[in-house]
Amino acid sequence: MTTFPSSDEWSFAEFDDQRRAYLDRDMPFDEIAKRIADVAVVNTGCVDPLRTPNPDAPVDTTWRAWFTISVAEEPRLSDLFYNGRDGVRGRYWQSETEGNAATASMIALLREKLLLFVADNSDIFGPVTLARGDMALVARSLDAASVKAWAYEGKNPNFNAGPKLVVRRWATNRPGGNWRWAPVGPLLDIKGAFYTPDDKEFVPGNKRERAYNIHRYGFS
């Protein structure tokens with residue numbers, strides 16, 4: 001049975017004492033996810049069209065549901081979720097299967113809140129949008145295999161901001177890199193799967209090995 005990384009493998013050495021103390025308690029993922037679902041407030045949501053031209057999916061009419069949630073009531077939860085040894089990246093560190101299962105679990109716990117936000121915001125998801133006001137289409141985007149729950153990156157994330165995470169495997173396989181980024185803000189991104197107008201799930205080419213890349217190299 002695979003277990004989460006040890007403190008030798010996954011280090012918070014660059015963090016301040018207070019932050020290191022709560023991360024070092026290694027809260028189990030299931031508890032992190034349940035607490036996030038309990039306190040999460042949906043901050044934003046949108047219909048996000050595909051923008052990069054490719055031969056497999058038309059831009060502008062291929063889209064996904066995209067939400068930002070806030071855990072401001074317990075802000076440490078976002079830190080535990082993204083940076084903790086048994087957080088979502090810690091689960092991908094264990095295996096691709098564990099990481100995907102953790103993501104699916106988090107989405108399932110948030111699903112009702114996300115769909116309530118959709119129902120309450122017809123201007124964003126209504127008939128004149130690509131979502132066509134169809135709750136089933138939004139739910140499909142959230143239920144698909146390529147859905148993501150991740151740290152909030154915003155428009156211009158500063159991946160060089162410190163302090164940074166130290167994970168031996170990722171440092172060996174990919175020295176430096178964005179995987180070391182360890183944000184502490186209260187926001188998390190929930191990105192549904194892209195779907196084409198003919199109802200096919202579309203995964204951009206650079207994301208088709210996402211689970212493997214996180215497991216092996218720490219980036220998505």
Side-chain angles (χ1 to χ4, degrees), residues 33 36-37 40-71 78 81-82 88-89 91-92 96-97 99-159 178 181 183 185-214 219-220:
I36 286 174
V41 174
V42 183
N43 196 49
T44 63
C46 69
V47 172
D48 181 42
L50 183 68
R51 297 178 177 84
T52 305
N54 64 85
D56 300 313
V59 296
D60 298 326
T61 53
T62 296
W63 65 277
R64 65 182 173 186
W66 183 356
F67 303 89
T68 300
I69 64 167
S70 172
V71 292
S78 60
F81 177 79
Y82 189 63
V88 69
R89 286 197 290 179
R91 287 296 174 106
Y92 278 106
E96 297 168 50
T97 300
N100 287 337
T103 298
S105 173
M106 185 73 264
I107 299 300
L109 288 168
L110 290 168
R111 190 177 188 274
E112 182 177 358
K113 282 187 177 181
L114 298 174
L115 292 180
L116 282 173
F117 180 89
V118 173
D120 290 341
N121 290 273
S122 59
D123 56 326
I124 303 173
F125 294 92
V128 299
T129 72
L130 291 172
R132 305 200 299 270
D134 190 338
M135 190 80 74
L137 295 181
V138 179
R140 181 186 65 181
S141 181
L142 291 173
D143 295 339
S146 59
V147 68
K148 294 183 282 187
W150 207 242
Y152 173 73
E153 296 181 350
K155 291 184 178 180
N156 297 294
N158 180 11
F159 292 117
N178 296 348
W181 185 54
L187 301 179
L188 295 170
D189 267 341
I190 307 298
K191 296 180 179 179
F194 281 110
Y195 271 89
T196 62
D198 57 352
D199 297 328
K200 294 180 181 177
E201 183 179 358
F202 171 71
V203 182
N206 64 341
K207 298 297 183 181
R208 290 174 187 168
E209 298 297 324
R210 178 176 182 268
Y212 172 80
N213 285 334
I214 302 171
F219 73 92
S220 71

Exercise. Check the pair Trp150 / Tyr82 against ring pair (Phe, Tyr, Trp, His ring centres under 6.0 Å), numbers first and verdict last.
Key: CA-CA 7 Å; Trp150 207 242; Tyr82 189 63; 5.1 Å; yes
Quiz item: For the residue pair Val42 and Lys113, what are the closest heavy atoms and their distance?
Solution: CG2-O, 3.8 Å
Quiz item: Is there a donor-acceptor pair closer than 3.5 Å between any side-chain N or O of Asn121 and the backbone N or O of Asp123?
Solution: no
Practice problem: Carefully, step by step, assess Leu188 and Tyr152 under the rule side chain to side chain contact (heavy atoms under 4.5 Å, CB included). | Solution: CA-CA 4 Å; Leu188 295 170; Tyr152 173 73; 5.7 Å; no
Practice problem: Can you sort out the partners of Asn178 under side chain to side chain contact (heavy atoms under 4.5 Å, CB included), two or more places apart, ordered by chain and number? | Solution: Phe159
Practice problem: Would you indicate whether the side-chain heavy atoms of Leu110 and Leu142 approach each other to under 4.5 Å? | Solution: no
Quiz prompt | Beyond-backbone contact of Val88 with Met106, side-chain heavy atoms, under 4.5 angstrom | solution = no
Quiz item: If you take all heavy atoms of Ala57 and Asn54, which pair is closest and at what distance?
Solution: N-OD1, 2.8 Å
Quiz item: Can you name the closest pair of heavy atoms from Asp56 and Phe202 and give their distance?
Solution: CB-CE1, 3.8 Å
Quiz item: Considering all heavy atoms of both residues, which atom of Pro58 and which atom of Leu50 are nearest to each other, and what is their separation?
Solution: O-CD2, 4.3 Å
Quiz prompt | Neighbour count above 12 (heavy atom, 6.0 Å) for Glu209 CD | solution = no
Quiz item: Quick one: are Asn206 and Arg208 in side-chain contact, heavy atoms under 4.5 Å?
Solution: no
Quiz item: Is any side-chain heavy atom of Arg210 closer than 4.5 Å to a side-chain heavy atom of Glu96?
Solution: no
Quiz item: Can you tell if the side chain of Val203 reaches within under 4.5 Å of the side chain of Phe194, non-hydrogen atoms only?
Solution: no
Quiz item: Among Val138, Asp48, Asn43, which residue meets the side-chain contact (heavy atoms from CB on, under 4.5 Å) test with Phe67?
Solution: Val138
Exercise. Grab the two heavy atoms, one from Ile124 and one from Cys46, that are nearest each other, plus how far apart they are.
Key: CG2-CA, 3.7 Å
Self-check item: Test item: Thr196 and Glu201 side chains (from C-beta on) under 4.5 Å apart, heavy atoms
Solution: no
Quiz item: Any donor-acceptor pair under 3.5 Å linking the side chain of Lys148 with the backbone of Gly192?
Solution: no
Quiz item: Looking only at heavy atoms, which two atoms of Pro183 and Ala151 are closest? And how far apart?
Solution: CG-CB, 3.9 Å
Self-check item: Candidate pair Trp66 and Asp189, rule side-chain hydrogen bond (donor to acceptor under 3.5 Å, both in side chains), full reasoning
Solution: CA-CA 8 Å; Trp66 183 356; Asp189 267 341; 3.3 Å; yes
Quiz item: Does a side chain donor of either Tyr92 or Ser220 reach within less than 3.5 Å of an acceptor in the other side chain?
Solution: no
Quiz item: Between Arg51 and Asp60, does a side chain to side chain contact (heavy atoms under 4.5 Å, CB included) hold up when you go through it step by step?
Solution: CA-CA 6 Å; Arg51 297 178 177 84; Asp60 298 326; 5.6 Å; no
Quiz item: How about Pro204 and Thr52: do any of their side-chain heavy atoms sit closer than 4.5 Å?
Solution: no
Quiz prompt | Backbone of Ala149 reached by a side-chain donor or acceptor of Lys191 within 3.5 Å | solution = no
Exercise. Quick one: do Phe219 and Ile214 satisfy side chain to side chain contact (heavy atoms under 4.5 Å, CB included)? Show the steps, please.
Key: CA-CA 5 Å; Phe219 73 92; Ile214 302 171; over 6 Å; no
Quiz item: Okay, side chain of Thr62, backbone of Val59: is any donor-acceptor separation there less than 3.5 Å?
Solution: no
Self-check item: Cation-pi check, Arg64 onto Tyr195 ring (under 6.0 Å, within 45° of axis)
Solution: no
Quiz item: Would a 4.5 Å heavy-atom cut-off, applied to side chains only, mark Leu137 and Arg132 as touching?
Solution: yes
Practice problem: Check for a donor-acceptor pair, side chain of Trp181 on one end and backbone N or O of Asn158 on the other, with a separation under 3.5 Å. | Solution: yes
Quiz item: Roughly how far, to the nearest 0.5 Å, is the CG atom of Leu116 from the CZ atom of Arg111?
Solution: 11.0 Å
Exercise. Could you grab the distance from atom CG of Asn213 to atom NZ of Lys207, nearest 0.5 Å is fine?
Key: 8.5 Å
Quiz prompt | Residue Lys200 excluded, over 12 heavy atoms near NZ under 6.0 Å | solution = no
Quiz item: What residue among Leu114, Thr44, Leu187 forms side-chain contact (heavy atoms from CB on, under 4.5 Å) with Ile69?
Solution: Leu114
